There are 2 protein chains.
Amino acid sequence: MGSRVARSKTGIRDVAKRAGVSVTTVSHVLNETPHTRVKDETVDRVRAAAKELGYRPNRLAQGLRTHASGMIGLVAEEIAATPHAGRILLGAQKRADADGLALAIINSDLQVEPFIPPRSVHAFLDRQVDGIVYATVYHDEVVAPPIMRGVPAVLIGARDRDGSIPSVLPDERTGAADVVRMLIEHGHRRIAFVGSSDDIPATRGRVSGYRDAMAAAEMADEARVVDDTSDAAGGYRAAVELLDSQDSPTALFCYDDRMAMGAYRAAAERGLRIPDDVSIVGFDDQAPLPTSMYPALTTVALPHYEMGEWAVETLTALLGAGGAEVEPSSPMLMPCPVIVRDSVGPPRDE
Amino acid sequence: MGSRVARSKTGIRDVAKRAGVSVTTVSHVLNETPHTRVKDETVDRVRAAAKELGYRPNRLAQGLRTHASGMIGLVAEEIAATPHAGRILLGAQKRADADGLALAIINSDLQVEPFIPPRSVHAFLDRQVDGIVYATVYHDEVVAPPIMRGVPAVLIGARDRDGSIPSVLPDERTGAADVVRMLIEHGHRRIAFVGSSDDIPATRGRVSGYRDAMAAAEMADEARVVDDTSDAAGGYRAAVELLDSQDSPTALFCYDDRMAMGAYRAAAERGLRIPDDVSIVGFDDQAPLPTSMYPALTTVALPHYEMGEWAVETLTALLGAGGAEVEPSSPMLMPCPVIVRDSVGPPRDE
DNA sequence: CTGAAAGCGCTTACAG
DNA sequence: CTGAAAGCGCTTACAG
C-alpha cells in the first residue's frame with residue numbers, strides 16, 4: 001500500500017478535536033444549520049480547524065443520514081446515440097453542477113419496446129439517487145416500470161404513457177413550420193419536402209410542420225413529399241426525383257442535414273447553384289455537417305442542450321417540492337430554432 | 001407526501017426478520033462472503049425472503065462501511081467537446097457497467113493551462129469514488145493536483161507530467177503513416193498534406209506520420225504541406241493552392257474530415273473527380289461526415305470508444321491491485337485504424 | 001450557545 | 001453454522 005492509504009482521511013471528529021468543540025457544533029457551523037446560533041468566535045475556530053485540516057465531508061455518510069445523496073441519475077438509450085445528443089449530457093451536467101448535484105449516467109440499450117428497463121433504474125435507486133432522468137430518442141411514448149414511481153423522474157424525448165412523469169420533447173413540428181415559412185417569405189411557392197421513411201416521431205412532426213406552413217400560406221396544393229432513407233444517399237435520390245420533375249421545386253426542405261447533404265450533390269450534378277438556383281434547408285443542426293457544407297446550410301436545431309438543462313431543472317423543482325405528487329401535465333415542447341446560414345435565397349425568376 | 005414516501009424501503013433488518021435469522025446471516029448469504037458456510041436451507045430461506053420483499057441493498061450504506069463506493073468518476077473537459085468524443089463516455093460506461101461500477105461524470109471547462117482543476121476532483125472525492133478518469137483533448141501533458149494522488153486515476157488524451165498516472169493517447173502518428181502508406185501502395189507519389197495550423201498535439205502527430213511514411217518510401221522530397229484552419233474553409237483554401245500548383249498532387253491527405261470536405265469542393269470546382277482524378281483521405285472519422293460525403297470518405301478513426309474502455313479497464317486493474325503504487329510507464333498508444341471507403345484509387349496516368 | 005447520544009443501513013471481526 | 005455488537009462518518013432531535 002502506498003501513500004494513498006496512509007492518508008487516512010480527516011473526519012468531522014478530527015475537526016472537532018482541533019477546534020475543541022463537539023462534532024455537533026462542527027456540523028452546525030459547517031452546514032450553517034438554520035435556527036442554530038453559534039458564538040462567532042466558535043464559528044471562526046471551527047472554520048479555521050476545518051480549513052487547516054483540509055476537511056471535506058463524506059457525502060456518502062451525509063447521504064446515509066439525510067436520505068439525500070445529492071446525486072441524480074441520467075439513463076440514456078445508447079448514450080449520444082446520435083452523435084450530438086451528447087449535448088443532452090452537457091446541458092444536464094451543467095445544470096446539475098450549478099445546483100450542487102452530481103450526475104451519474106448509465107447507458108441503456110436501444111429499446112425496441114417502449115418499456116423503460118427496470119435494470120437501469122435499479123442501479124440508480126440502489127445508490128439512492130434523488131431523482132432520475134430518462135432520455136430516449138426513438139419513442140413517442142414510454143412506460144415506466146413501477147419502481148420508477150418511487151423517485152422523482154423526468155423524461156427527455158418521449159412522453160410518459162400515464163402522463164404522470166414530466167417530459168420534454170423537441171417541438172419539431174413548429175420548427176419545421178418556421179423554416180418552411182421562412183422559405184415562403186423569401187418568395188418560394190414550389191417547396192418540396194425531402195422526407196424520411198423512418199417510422200419515428202421526428203418523421204411525423206417534420207412533415208406535419210411542413211404541411212402546416214404550406215396550408216397557412218394557402219399552398220397546400222403545392223405540397224410535394226418524397227420519402228427515402230434519412231441519409232445522404234436517400235436525400236440524393238429524393239432530390240434527383242424532385243429536381244428532374246416537371247415544375248421542379250425552387251426550394252427543398254430536407255428531413256435532416258444528412259439528406260440535405262445528398263440534395264446538395266443532386267443540385268451540383270445538375271449545375272444548380274445554391275441558393276441562386278435552388279434553396280435547400282435541413283434539420284438537426286448536426287455538427288459538423290451544416291458548417292462544413294458549401295454554402296453553409298440553413299437548418300433547424302434540435303435543442304439537446306436545452307432539454308438536458310430543462311430536465312434537471314424540473315427535477316430540482318420536484319425535489320424541492322419534497323416528493324409531492326406531480327399533477328399530470330402535457331409535455332414541454334422545446335423550441336427548435338432555425339439557424340440561418342447561407343443556403344436560402346429568393347427563387348430564380350423564370 | 002405521496003405514495004413515494006409511504007414506500008419506506010425494506011432494509012436488511014426486514015429480510016432478517018422474515019427469514020428468522022440475524023442480519024449478519026443475511027449479509028453473509030447475500031454477499032456470499034468467502035470462508036463462511038451457511039446451511040443450505042438457511043440460504044434458501046434468506047434468498048426467498050429477500051426476493052419476496054424485493055430487497056435491494058443500500059449502496060450508500062455499503063459504501064460507507066466498506067470504503068468502496070462502487071463508483072468511478074469521469075471528468076471531461078467540455079464533455080464531448082468535439083461531438084463524437086461522446087463515444088469516450090459510451091466506452092467508459094459500458095466497461096464500468098460490465099464491472100458493476102457506476103459512472104459519474106462531471107464537466108470541466110476547457111483548461112488553457114495544463115493543470116487539472118482540483119474542484120472537479122474534489123466533487124468526486126467527496127463522494128468517495130473508487131477512481132477517477134480525466135479526459136482532455138487539447139493538451140500533451142497535464143499536471144494533476146496533489147489531492148488526485150489520493151485515488152487511483154487514469155488519463156485520456158494527455159500524459160501525466162510526472163508520469164505516475166497511466167494514460168492513453170490516440171496513436172495519430174502511426175494512423176497517419178498508415179493511411180499515407182496506403183496511398184503510396186495505390187501508386188501515388190505526389191501526396192500532399194492539407195495540414196492544420198492549430199497548435200495542438202494532433203497537428204504534430206499527423207504531420208509526423210505523413211513525413212514518416214513519405215520518408216520510408218524514399219519520397220521525402222515529394223512531401224508538401226500547406227497549413228490552414230482545420231475546417232472546411234481551410235481545407236478548401238489549402239486544396240486550391242495545391243491543386244492549382246505545378247505538378248499538382250494526385251492525392252491529398254487532410255488533417256481532418258472537415259478539411260477533406262473543403263478539399264472535395266476544391267476538386268469539384270476544378271472538374272476533378274474523386275477518386276479517379278484525385279484521391280482524398282481525412283482523419284477523425286467524425287460522424288456523420290465521412291459517410292455523408294460523396295464518394296464516402298476514406299479516413300482514419302480516432303479510437304474514442306476504445307480509449308474510454310481502456311481507461312476504466314485500467315482503473316479496475318488499479319483498484320484490484322489494492323492501491324499499490326503504479327510504476328511510471330509510458331502512455332498507451334491506442335491504434336487509429338484506417339477506415340476504407342470510396343475516396344481512394346490509383347493515380348490517373350499522365 | 002453547546003454537547004451526548006441515537007441512528008442512517010450496512011459489514012465484519014469475534015465469539016459461541 | 002449463526003448471532004451480538006461495534007463501527008463506517010455523518011446529522012439531528014433533545015437536553016442543558
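Numbered from 1 within each chain, the chains take letters A, B, ... in sequence-line order. Since the structure is predicted, the reported quantities are computational estimates derived from the model, not experimental observations.
Ranking D/dT11, D/dA4, C/dG9 by closeness to the B/Leu64 side chain, first place goes to C/dG9. Of the listed nucleotides (C/dA4, D/dC1, D/dG9), C/dA4 has the atom at the smallest distance from the side chain of A/Thr24. For B/Arg37, whose side chain is taken as the heavy atoms from C-beta onward, the closest listed nucleotide among D/dC1, C/dT11, C/dA13 is D/dC1. With distances taken from any side-chain atom of A/Lys39 to the nucleotides C/dC8, C/dT2, C/dT12, the minimum falls on C/dT2. The listed nucleotides are D/dG3, C/dT2, D/dC10; the one nearest the side chain of A/Thr25 is C/dT2.
Across the protein-nucleic acid pair, B/Leu60 atom CG and D/dC8 atom C1' stand 12 Å apart, rounded to whole Å. In this structure, the NE2 atom of B/His35 is 18 Å from the P atom of D/dT2, given to the nearest Å. What separates CG of B/Asn58 from P of D/dC8 is a distance of 18 Å, to the nearest Å. What separates CZ of B/Arg13 from P of C/dG7 is a distance of 9 Å, to the nearest Å. In this structure, B/Asn31 places its CG atom 13 Å from C1' of C/dG9, rounding to the nearest Å. What separates CZ of B/Arg59 from C1' of D/dC8 is a distance of 15 Å, to the nearest Å. Distance A/Asp14 CG to D/dG9 P: 9 Å, rounded to the nearest Å. Distance, A/Gln62 CD to D/dG9 P: 13 Å, rounded to whole Å.
Between B/Thr42 and D/dT2 there is a side-chain N or O to OP1 or OP2 distance below 4.0 Å. OP1 or OP2 of C/dT11 lies within a sub-4.0 Å distance of a side-chain N or O belonging to B/Ser27.
Annotation: the span from A/Met332 atom CE to A/Glu313 atom CD amounts to 9.5 Å, rounded to 0.5 Å.
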Can you give the dot-bracket line for DNA chain D, where a pair is Watson-Crick or G-U wobble with both atom distances under 3.5 Å, crossing pairs use [ ], and | marks a partner on another strand?
|||.||||||||.|||
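Using modelled atom types and a 3.5 Å distance limit, the side chains of B/Arg149 and B/Ser164 yield a donor-acceptor pair.
Ion pairing of A/Arg119 with B/Asp97 is present here, as a side-chain N (NZ or NE/NH1/NH2) and a carboxylate O approach within less than 4.0 Å. Note on B/Arg161 versus B/Glu141: salt bridge recorded, some NZ/NE/NH1/NH2 to OD/OE distance being below 4.0 Å.
Both B/Val43 and B/His67 sit near DNA chain D, but only B/Val43 has its closest nucleotide nearer the 5' end. For the pair A/Val21 and B/Tyr55, both in contact range of DNA chain C, the more 5′-proximal nearest nucleotide belongs to A/Val21.
A distance-only check finds a donor-acceptor pair linking the side chain of B/Arg127 to the backbone of A/Gly70 [under 3.5 Å].
The shortest non-hydrogen separation linking B/Tyr134 to B/Ile116 is CE1-CG2, 3.3 Å.
Contact check for A/Pro166 versus A/Trp310: side-chain heavy atoms found under the 4.5 Å cut-off.
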